[in-house]
Colleague: 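Handing you this structure, nothing more for now.
Sequential numbering from 1 along the given sequence is applied to the chain's residues.
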Amino acid sequence: MQIAPGRRLALNGVEWTVEDVHGQLGRLVLVDDDGRAETRSFRWLINHADLRLLQTVESRRPSPTARQPRTLADLSKDQLERARLRAAHVLEVETGFREGHPARAMKGEPRPAYDPNHTTLTQRRYTKAAEIEAMPRPEAVRLGLQHLSYRTLVRLSGLAGDSLLLACADGRWTRRRSGHRSITKEVREAIFAVKAECGERARVSLAARHRLMHQYMSERFPTFPTEKIPSRWTFAAVWEEWFGPGGARPRYGRTAEAAAEAGVSGRMVVHRPGQVLVLDSTPMPVKLRETVFGDAITATLTLALDLYTHGLPAFRLTLQSDTSVDIAMLLRDVMLPLPMRDGWGEDMEWPYAGVPADVIAEFTGHKVAALPFFAPETVTTDHGGPYKNHDLVEAEREIGCRILPARVLRQTDKYAVERQFHTIQTMLFEHLLGFTGGDVADRGADPERDASLTLTQAEHVIATWIVQIWQNRKLGEYAPSWAPGEDHSPNTLFVAAMEQGGFDLDFPEPGFYYKVLRKHHVKIHPRRGVKILGLWYHHPVLDEPRFLQPSSRGGKHAGQWVVRSDSRDRRQTFFQDPADHETWHILRWRGLPPEGEVPAFSDKTANDLLSHVKANRIRIHSESELLEHLLEILGSVTPVDQWPSQAKKKAGKKRRVAQAREITRAQAAAADRVTAPASAAEPAPAELPAAWAEHARTIDRAVDADRRRRREEALADTRPVAPATLHEVLNRRPMFRLPPPDSSEAETTVREEDA
């Protein structure tokens, strides 16, 4: 058995530490945790009945070399300045100059008593010691020169640079931490037990944690002296040293610990465009004007940011919260080149080296703006509903990219796009009318009154800012590591990447829009079509004999056909022809009149329609009977209510915004269905604002067409009767006889129906 200083022993349940060993005397000194010392012989120790050897621990007083050396970074600004003043006195003794060299001589140097050409080093040391002795005591203490004697100057000779500054620094400034002697092993166990308990509880105060430690000590160690339990301030200092300040919310902390246990850590190294595409959405901090009633509304801005170049290849503005279809169309926009717009000059055209603009224009059929486009490899999103939708996941698989969701409640995984929203706000949104600010307290007096931009105008402003300003702006701290001295923008980084790895023209297929829509597995009914979410849709192609039998598909939905629908516009659905897989048939809702058009309606309006029919117990024999109830939901059709002032009184702002949202979503769905962009030579038609009067006239025309159709169907089997003359009418019955009640009611009913 080897007994050496520092060895831990247990005798009768008491732990001892070997403090010293006297080999010649055969004795050793034992010290317990309370500091009580005893001297025992080796024979007594070896023959002790209850002797146990414990694990060796480090000595309580480690040697001075058991820590990392001091550096100038350990000194504060004031301490470093005081050390430099002391070093200047030492250098003046050694060289005659406070800066240590004649080339950096200050005014009046060298002084006669320190001139190296007329004095010796010993003389200069005695002179400096006498000068410090004659210095006023407060000044000498402030500079730390009260102990600068002749022997100290001899000891500091030969040092220079950082070594001299560290030697002149007071050792008490960077002395070793003594730790907390009151933190015994029992207290340490209690602190860690409280930390584990608080990890599952709600946030509690420091005082509550300190009381929990007292409770643990009293129950687990009843003999431990209460006065030796650390105070609350010592407990707070130890807690911050061991576990940090604890500023994170308990919910976030538990998520971070779970991610660490699962091995999710580290960062991905991005080294090419399109390797990681980050998506996120936020309410746009600028009030816009909707084009139906002209009310001020809030739009949702969705950004796609390339993590390598920090470019913005695509974005979307929607009047409602973005859906999975909007996100899928955003990914398609990332892969498509942006056409040139009205008012954009030649400086905003495609400028990238290695890929001439003529080549891109030949593929696309129009001039292309200076905005990178590529096929994303990995898409990082948060855990919002639209991003977790299975339709969007299928769209991402259709593109061929991987999905890398951000860790739950860890915003640092999307730090770049989160900061990009703030950048757009400070560089663009703050200069627009209707800006609401980042907080309710920062909002203006009436941002709704200041709103002047429509959704189309705001989209054009953002696109112009991205292409003209952001894509050519110096990145700063986001510059690549391989070019630390160069200035790069998102466009120049994209050019450098294309020169290194080339360019892949990978455009999405024309049928990409239909493939990312939600799927419905249904059966085709003869002469009636298919039923999608409560509404029937039909197309003449469904009456062909090949569709009157079950589908040849197998698996979970064996025998059923696949029909796709767009939640933004429920007037039609889309059916892929199984013969060539390239033709898509548009199945119209059976309730639509054959002539004229009906304003677009989305899933919400369709659900309201079916709920209205069910709540009022209306018996519907055909889909055309639903049209009348649909028009009642879309808007009023009475002449007075068509006036904008009366319409605003009748319909609240929530209803007006909902109607504007229906029109905007239908326009977005129609724009997404366009597979071939217009030629650059032909200017794009300006979007006409769909005013309330025009919206009401559209509903009025649809109502007239529906009444005409129903009247014609009612009179289809009747024979036309020639109008009677006045003489025949007078002879039919006396002029002054009152008609019977039944005939009067019948005539009144006929007049109401004709009206």
Colleague: How long is the straight-line distance from OG1 of T573 back to CG of L517, given to the nearest 0.5 Å?
Modeller: 10.0 Å
Colleague: Would you indicate whether the side-chain heavy atoms of Y308 and Q275 approach each other to under 4.5 Å?
Modeller: no
Colleague: Going from SG on C401 to CG on L277, what distance comes out if it is rounded to the nearest 0.5 angstrom?
Modeller: 8.0 Å
Colleague: Looking only at heavy atoms, what is the nearest atom pair of G529 and L542, with distance?
Modeller: CA-CD1, 4.1 Å
Colleague: Identify the two heavy atoms, one from P578 and one from W561, that lie closest to each other, and give their separation to 0.1 Å.
Modeller: CG-CZ3, 3.9 Å
Colleague: Are T436 and K287 close enough that some pair of their side-chain heavy atoms sits under 4.5 Å apart?
Modeller: yes
Colleague: Tell me the closest heavy-atom pair linking R546 and Q549, and the distance in Å.
Modeller: O-CG, 3.7 Å
Colleague: For E544, does the CD atom sit with more than 12 other heavy atoms under 6.0 Å from it, leaving out its own atoms?
Modeller: yes
Colleague: Exactly one of L428, L338, L371 should register a side-chain contact (heavy atoms from CB on, under 4.5 Å) with I466. Which one does?
Modeller: L371
Colleague: Measuring from atom CG of L587 to atom CD1 of I532, what distance do you get when rounded to the nearest 0.5 angstrom?
Modeller: 8.0 Å
Colleague: If you count every heavy atom of other residues, nucleotides or ligands that lies below 6.0 Å from H525 atom NE2, does the total exceed 12?
Modeller: yes
Colleague: Please round to the nearest 0.5 Å and tell me the distance separating atom CG of L307 and atom CZ of R272.
Modeller: 12.5 Å
Colleague: Could you check F575 against Y537 for side-chain contact (heavy atoms from CB on, under 4.5 Å), going step by step and ending with a plain yes or no?
Modeller: CA-CA 10 Å; F575 177 71; Y537 297 86; over 6 Å; no
Colleague: Would you call the rings of W584 and Y514 parallel, tilted or perpendicular, taking 30° and 60° as the class edges?
Modeller: parallel
Colleague: Any side-chain heavy-atom pair from Q572 and F574 closer than 4.5 angstrom?
Modeller: yes
Colleague: Under the 3.5 angstrom rule, does the side chain of Q471 hit a backbone N or O of L312 as a donor-acceptor pair?
Modeller: yes
Colleague: Any side-chain heavy-atom pair from L533 and R518 closer than 4.5 angstrom?
Modeller: yes
Colleague: In terms of heavy-atom contacts, does CZ of R527 have more than 12 from other residues, nucleotides or ligands at under 6.0 Å?
Modeller: no
Colleague: Please work out which of the three classes, parallel, tilted or perpendicular, describes the rings of W344 and H460, given edges at 30° and 60°.
Modeller: parallel
Colleague: Do you know the tightest heavy-atom contact between L279 and A304?
Modeller: CD2-CB, 3.4 Å
Colleague: Between R316 (side chain) and I327 (backbone), is there a donor-acceptor pair under 3.5 Å?
Modeller: no
Colleague: Below 4.5 Å, heavy atoms only, C-beta onward: do H539 and V530 meet side chain to side chain?
Modeller: no
Colleague: Considering only heavy atoms from C-beta outward, does the side chain of W465 approach that of F429 to under 4.5 Å?
Modeller: no
Colleague: Rounded to the nearest 0.5 Å, what separates atom CG in L305 from atom CD in E418?
Modeller: 11.0 Å
Colleague: Looking only at side chains, do S452 and R289 share a donor and an acceptor under 3.5 Å apart?
Modeller: no
Colleague: Minimum heavy-atom separation for A579 and D577, please, with both atom names.
Modeller: N-OD1, 2.9 Å
Colleague: Is it true that a side-chain atom of W470 and a backbone atom of H310 form a donor plus acceptor pair closer than 3.5 Å?
Modeller: yes
Colleague: Is there a side-chain contact between R568 and T318, using heavy atoms and a 4.5 Å cut-off?
Modeller: no
Colleague: Quick one: pull up CZ in F435 and CE in M284 and give me the separation to the nearest 0.5 Å.
Modeller: 10.5 Å
Colleague: Distance to the ring centre below 6.0 angstrom and angle to the axis at most 45 degrees; does that hold for R570 and W589?
Modeller: no
Colleague: Nearest heavy-atom pair of S565 and H520: which atoms, and what distance?
Modeller: OG-NE2, 2.6 Å
Colleague: If you define the side chain from C-beta out and look only at heavy atoms, does anything of V467 sit under 4.5 Å from R341?
Modeller: no
